[in-house]
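Take a look at the structure set out below.
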There are 2 protein chains.
Amino acid sequence: MNVSSKPERTRLSAEDWELAALHLIAEQGVGALAVEALARQLGVTKGSFYWHFRTREALLQAALERWEQYGEREVLGQIEQIADPRKRLPELFRRVAHELQPHRVYAALLKALDHPQVVPVMARVSQRRMEFLTTAYREAGLPAPQALNRARLTYAAYVGFLQLNFTLGLPRINHEEFDAYVEHMIATLIPA
Amino acid sequence: MNVSSKPERTRLSAEDWELAALHLIAEQGVGALAVEALARQLGVTKGSFYWHFRTREALLQAALERWEQYGEREVLGQIEQIADPRKRLPELFRRVAHELQPHRVYAALLKALDHPQVVPVMARVSQRRMEFLTTAYREAGLPAPQALNRARLTYAAYVGFLQLNFTLGLPRINHEEFDAYVEHMIATLIPA
DNA sequence: AAGTCACCATACGGACGAGTATGGATCGCC
DNA sequence: GGCGATCCATACTCGTCCGTATGGTGACTT
């Protein structure tokens, strides 16, 4: 009990800073990413930070790239293994709806689209997801142009939902009602 | 050419500051709302500002309330006059899609939902719009629970669209393609 | 056991923005 | 045309946060 109260007294690596940065972004947004605040949270001081990174901007960049690389497979990787294209979209909807935690960073980044560093990342990620949705709709039986528009609509609904329920607390929809909403989405957006 | 280059040399009122604040919010977001920047833009200095407002926070509050009061009738006020409930929703979709300018403030506020002052305003405004949508869907023939969920889906799509196209410039959809997308939305979301 | 390298603390400089103090200008009014 | 109220400029203080400089400490080599 003499060494430290809570944090493990191991030394830090650049990866630790990046993960902590992503965590902070998910909780308080990109604007709250300050080096002294992060350092406090990690139990060290700025001196540590500026050994690992040249600047605050560099940390943001590294964190964003890490998120883009390692964060995407969790979302889309599993889904691609579902053989039946017919079942794929409903399954995707239900999983996304019930595992909202990985989407917190995306929601936070969505609110920082005025920041020059996040725009290209979000553009790539969103574009990739959109393409995934589009082909999924085509495989589900929609003709090409309709599939694209349906993907746009679906993805917009996803993004809007994140905003309205994470950040804003619209009449705090409860659990059963939420499930009903998801099924309504499936019935409305996915062709029979 | 000696007095001033561009701005009119009239004195300012609190209303001028609030309108300028809303304009700045629409263009650069809530975070960019700085009093010295605003003062420069209005051709005065901070001395003027702190006569009209006690603090920066007070300006934000006043601007938000002004937006909530006077900004809403333009969006929903006209629509309520459309007699046929059947025609109301498609007309609403098309108008909103083609007059995106009044929605810029809303889009900016959406990205500032971590700010304590904007949350209640956005909660009220969104709630009101949601209720409008819900009754519109009921009048269009949907049973109550479905109407609510459809309204949720529609509004989420609206919000998501604002994010993805204002701030992010997803593959910069062109004009004809955009019209096709709006019609696709109408066909998909509005019951025949 | 001495030295080297990786990691971190402390202390400082400087930019920026909010808010205050105070005096000057200008308008309305009698 | 003088006078009070309104509006604005100038010149500060203060707190926050980025980045720098420099010295210290632990672990690991040889």
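Given the structure is predicted, the values throughout are model-derived calculations rather than measurements. Residue numbering restarts at 1 for every chain, and letters A, B, ... go by the order of the sequence lines.
- Atom CZ of B/R54 and atom P of C/dT20 are 8 Å apart (whole Å).
- In this structure, of D/dC17, D/dG19, D/dA9, it is D/dC17 that holds the atom nearest to the side chain of A/E36.
- The side chain of B/T55 contributes an N or O atom lying less than 4.0 Å from OP1 or OP2 of C/dG19.
- The aromatic rings of A/H52 and A/W17 sit tilted, their planes meeting at an angle between 30° and 60°.
- OP1 or OP2 of C/dC8 sits under 4.0 Å from a side-chain N or O of A/H52.
- Aromatic ring centroids of A/Y155 and A/Y158 lie under 6.0 Å apart.
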Per-nucleotide protein contact string for nucleotides 10-15 of chain D (B base, S sugar-phosphate only, - none; heavy atom under 4.0 Å): B-----
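- Looking only at distances, no side-chain donor or acceptor of A/S126 sits under 3.5 Å from a matching main-chain atom of A/A123.
- The CZ atom of A/R40 sits 14 Å away from the C1' atom of D/dC18 (whole-angstrom rounding).
- Note that CG of A/L133 is 14.0 Å distant from CZ of A/R128, once rounded to the nearest 0.5 Å.
- Separating the CG atom of A/L42 from the P atom of C/dC7 is a distance of 14 Å, rounded to the nearest angstrom.
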For a quick test of your reading: what N or O donor-acceptor pairs under 3.5 Å do the side chains of residues 53-66 of chain B make, sequence neighbours left out?
from, atom 1, to, atom 2, distance (Å)
B/T55, OG1, B/E57, N, 3.3
B/R56, NH1, B/L33, O, 2.4
B/Q61, NE2, B/E65, OE2, 3.4
B/R66, NE, B/E18, OE1, 2.6
B/R66, NH2, B/E18, OE1, 3.2

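- Side-chain N/O atoms of A/R11 and base N/O atoms of C/dA6 include a donor-acceptor pair closer than 3.5 Å.
- Minimum heavy-atom separation, A/G29 to A/A108: CA-CB, 4.3 Å.
- Relative to the side chain of A/A34, the nucleotides C/dG19, D/dC17, D/dA9 differ in distance, and D/dC17 lies closest.
- Between B/L59 atom CG and C/dA18 atom P there is a gap of 11 Å when expressed in whole angstrom units.
- A side-chain donor-acceptor contact under 3.5 Å links A/D16 to the backbone of A/S13.
- In this structure, A/F49 atom CZ and C/dA11 atom C1' are separated by 19 Å, rounded to whole Å.
- In this structure, the CH2 atom of B/W17 is 11 Å from the C1' atom of D/dC7, given to the nearest Å.
- At whole-Å resolution of the value, CD in A/E15 and P in C/dC7 are 13 Å apart.
- The nearest whole Å value for the distance from the CH2 atom in A/W51 to the C1' atom in D/dG24 is 16 Å.
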